[in-house]
S.K.: 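One structure follows; several queries about it will come next.
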There are 2 protein chains.
Amino acid sequence: MNSLAYALLSVLTRESMSGYDLMLRIQPFWQAKHSQIYPLLSKMEQAGYVEHILVEQSDKPDKKVYSSTEAGLSALRDWLSQPSADLVTRDEMLIKVYASWLGDRAELRRHLEDRIVACQKRLRHLEGLRDKYSSDFQADAGAMDLLSPAFSSYILIRRSLQIVNSDLEWCHWVLELLMQQELASGTDMTSTT
Amino acid sequence: MNSLAYALLSVLTRESMSGYDLMLRIQPFWQAKHSQIYPLLSKMEQAGYVEHILVEQSDKPDKKVYSSTEAGLSALRDWLSQPSADLVTRDEMLIKVYASWLGDRAELRRHLEDRIVACQKRLRHLEGLRDKYSSDFQADAGAMDLLSPAFSSYILIRRSLQIVNSDLEWCHWVLELLMQQELASGTDMTSTT
DNA sequence: GTTATCATGTAATTGGTTACATGATTGG
DNA sequence: CCAATCATGTAACCAATTACATGATAAC
């Protein structure tokens with residue numbers, strides 16, 4: 001049982017779903033491929049934390065719909081009381097930024113622009129999630145029940161949006177510094193693109 | 001050659017240092033233990049990207065001081081021109097927050113407070129780095145050479161500080177929502193601590 | 001005396017990605 | 001006709017952590 005297993009349980013205690021749907025649901029908050037999720041679900045089922053029923057579909061392939069068991073719920077509750085591992089970030093682009101003085105301005109700008117595109121895509125996705133669940137998130141957050149699934153989702157999505165927005169903010173800040181110096185130096189850097 | 005290898009090269013093209021020092025230097029931006037770094041440096045040396053000399057010390061254990069070779073520099077330059085892998089974050093606490101509705105307010109608050117402490121520690125460390133290199137970071141960022149090691153370090157540290165501060169901001173926001181409801185409901189949640 | 005820092009390494013294990021494999025349906 | 005989505009799985013490999021191992025010196 002690793003963090004991913006508990007992440008899967010966290011979803012399944014709210015709603016039963018297939019491994020495929022779990023993957024899609026978890027992606028924005030914990031990156032995991034199907035090749036990691038399917039064997040893990042099998043192991044969790046063997047351990048008695050989840051169970052599945054086969055749902056046959058005519059238009060789409062059949063699927064296994066997983067649910068959390070009582071044992072799964074109590075394992076999750078135990079895990080919740082444990083202290084958390086430190087946050088881990090692996091941002092290859094930041095390493096490239098650190099070494100960017102070896103290259104040229106156009107290269108650095110390209111990395112920043114790529115990141116901006118990726119952020120915007122993620123932003124649209126998160127805003128979609130926010131809007132999808134906005135009916136659960138009452139207008140007045142102060143009046144919301146703070147120990148409800150809706151509130152937990154709400155603060156999680158807020159956090160994710162905040163992270164993406166701060167990434168965008170930083171990219172634009174660096175881009176502006178780059179543009180300013182390009183103008184000041186009078187060289188036409190656009191030709192290098 | 002993985003991301004970590006290029007991260008090591010990025011440091012070594014600026015300054016020669018031991019595996020131990022590389023570990024300390026890289027930690028804030030790319031988590032890696034010594035047990036991953038030492039074997040990797042050996043592999044990189046075999047591949048001709050780095051080389052080392054043995055420096056004997058009387059007060060401390062002897063060390064191997066690594067430097068980047070020409071081949072290492074050009075490998076790094078090639079890597080810089082490649083598109084970056086997506087940002088990966090693994091934040092166990094966020095999963096716990098998502099499942100926090102299964103627990104109680106005190107538990108959620110404890111997680112947030114633990115994170116705040118961790119952030120403050122990291123903040124102090126990053127501010128230390130910023131101050132240490134502040135002489136390189138001229139007061140007027142606009143006048144700084146944008147393709148210098150100093151500028152690259154400057155924007156990297158700015159980004160790291162921004163990330164920590166936004167984390168802190170979010171934690172305090174959630175904590176305040178929690179406190180408000182505790183007051184409103186009139187229950188004395190502090191007794192659960 | 002015990003803990004922390006400096007300094008290096010290996011071995012075992014877990015975590016995670018890439019590639020291989022299949023197959024239906026829908027939209028462009 | 002080709003790509004994308006849905007849906008599941010395995011095998012091989014790479015990345016990363018934990019544990020094992022050593023040993024000096026300095027601070028508390």
Side-chain angles (χ1 to χ4, degrees), chain A residues 1-8 16-27 29-47 50 52-66 79 83-92 95 121 125 128, chain B residues 1-8 16-27 29-47 50 52-66 79 83-92 95 121 125 128:
Chain A
M1 293 289 286
N2 54 25
S3 304
L4 177 58
Y6 292 107
L8 296 173
S16 299
M17 64 178 77
S18 66
Y20 189 85
D21 287 330
L22 280 166
M23 178 187 67
L24 295 178
R25 181 71 68 96
I26 279 177
Q27 286 283 15
F29 313 107
W30 192 281
Q31 292 74 39
K33 317 277 162 162
H34 70 275
S35 54
Q36 198 185 1
I37 290 174
Y38 291 132
L40 185 54
L41 281 170
S42 295
K43 272 180 63 184
M44 290 164 71
E45 188 159 41
Q46 273 179 35
V50 296
H52 82 269
I53 52 165
L54 193 74
V55 173
E56 288 177 48
Q57 300 181 120
S58 50
D59 51 335
K60 298 172 188 175
D62 299 349
K63 61 181 177 180
K64 294 180 176 178
V65 173
Y66 284 88
W79 180 72
S84 299
D86 282 345
L87 165 71
V88 174
T89 48
R90 301 197 183 275
D91 193 346
E92 209 179 84
I95 304 295
K121 191 185 167 186
H125 185 226
Chain B
M1 292 289 285
N2 53 25
S3 304
L4 177 58
Y6 292 107
L8 296 173
S16 299
M17 63 179 75
S18 66
Y20 188 86
D21 287 330
L22 280 166
M23 178 187 65
L24 295 178
R25 181 69 69 96
I26 278 177
Q27 287 282 16
F29 313 107
W30 192 281
Q31 291 76 41
K33 317 274 162 165
H34 70 274
S35 54
Q36 198 186 0
I37 290 174
Y38 292 132
L40 185 54
L41 281 169
S42 295
K43 272 182 62 186
M44 289 164 71
E45 188 160 41
Q46 272 179 35
V50 297
H52 83 268
I53 52 165
L54 193 75
V55 173
E56 288 176 48
Q57 299 180 119
S58 49
D59 50 336
K60 298 173 189 176
D62 299 348
K63 60 181 177 180
K64 294 179 176 179
V65 173
Y66 283 88
W79 180 72
S84 297
D86 283 345
L87 165 70
V88 174
T89 47
R90 299 195 185 277
D91 193 348
E92 208 178 83
I95 304 296
K121 191 183 166 187
H125 185 226

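In what follows, chains carry the letters A, B, and so on, assigned in the order in which the sequence lines appear, proteins first and then strands, with residues in each chain numbered from 1.
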S.K.: If you only use heavy atoms from C-beta on, which nucleotide in C:dG9, D:dA11, D:dC6 is closest to the side chain of B:Tyr38?
M.R.: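 Nearest nucleotide to the side chain: C:dG9.
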S.K.: Please compare B:Leu24 and B:Lys64 by the position of their nearest nucleotide in DNA chain C and report the one closer to 5'.
M.R.: B:Leu24
S.K.: Specify the residue among B:Lys63 and A:Met1 whose closest nucleotide of DNA chain C lies further upstream toward the 5′ end.
M.R.: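 Its nearest nucleotide lies further toward 5', so the answer is B:Lys63.
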S.K.: Counting only side-chain heavy atoms from C-beta out, which of D:dA16, D:dG23, D:dT17 sits nearest to B:Asn2?
M.R.: D:dA16
S.K.: Taking only the side-chain nitrogens and oxygens of A:Arg90, find out if one of them lies under 4.0 Å from OP1 or OP2 of D:dA16.
M.R.: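 So the side-chain polar atoms of A:Arg90 do come within 4.0 Å of the phosphate oxygens OP1 or OP2 of D:dA16, strictly under.
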S.K.: Tell me: NZ of A:Lys33 to P of C:dA19, nearest whole Å?
M.R.: 10 Å
S.K.: Which listed nucleotide (D:dG23, D:dA7, D:dG9) is nearest to the side chain of A:Lys60?
M.R.: D:dA7
S.K.: Looking only at side-chain atoms of A:His34, point me to the closest of D:dA16, C:dA19, C:dA11.
M.R.: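 Out of D:dA16, C:dA19, C:dA11, the nucleotide with an atom closest to A:His34's side chain is C:dA19.
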S.K.: Out of C:dT10, D:dA16, C:dT17, which has the shortest distance to the side chain of B:Leu4?
M.R.: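 Within the option list, the nearest is D:dA16.
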S.K.: Roughly how far apart are A:Leu40 CG and A:Asn2 CG, rounded to 0.5 Å?
M.R.: 5.5 Å
S.K.: Going from CE on A:Met1 to OH on A:Tyr6, what distance comes out if it is rounded to the nearest 0.5 angstrom?
M.R.: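 Separation between the atoms: 4.0 Å.
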S.K.: Quick check for you: among D:dA16, C:dT17, C:dT5, whose closest atom lies nearest to any side-chain atom of B:Tyr20?
M.R.: C:dT5
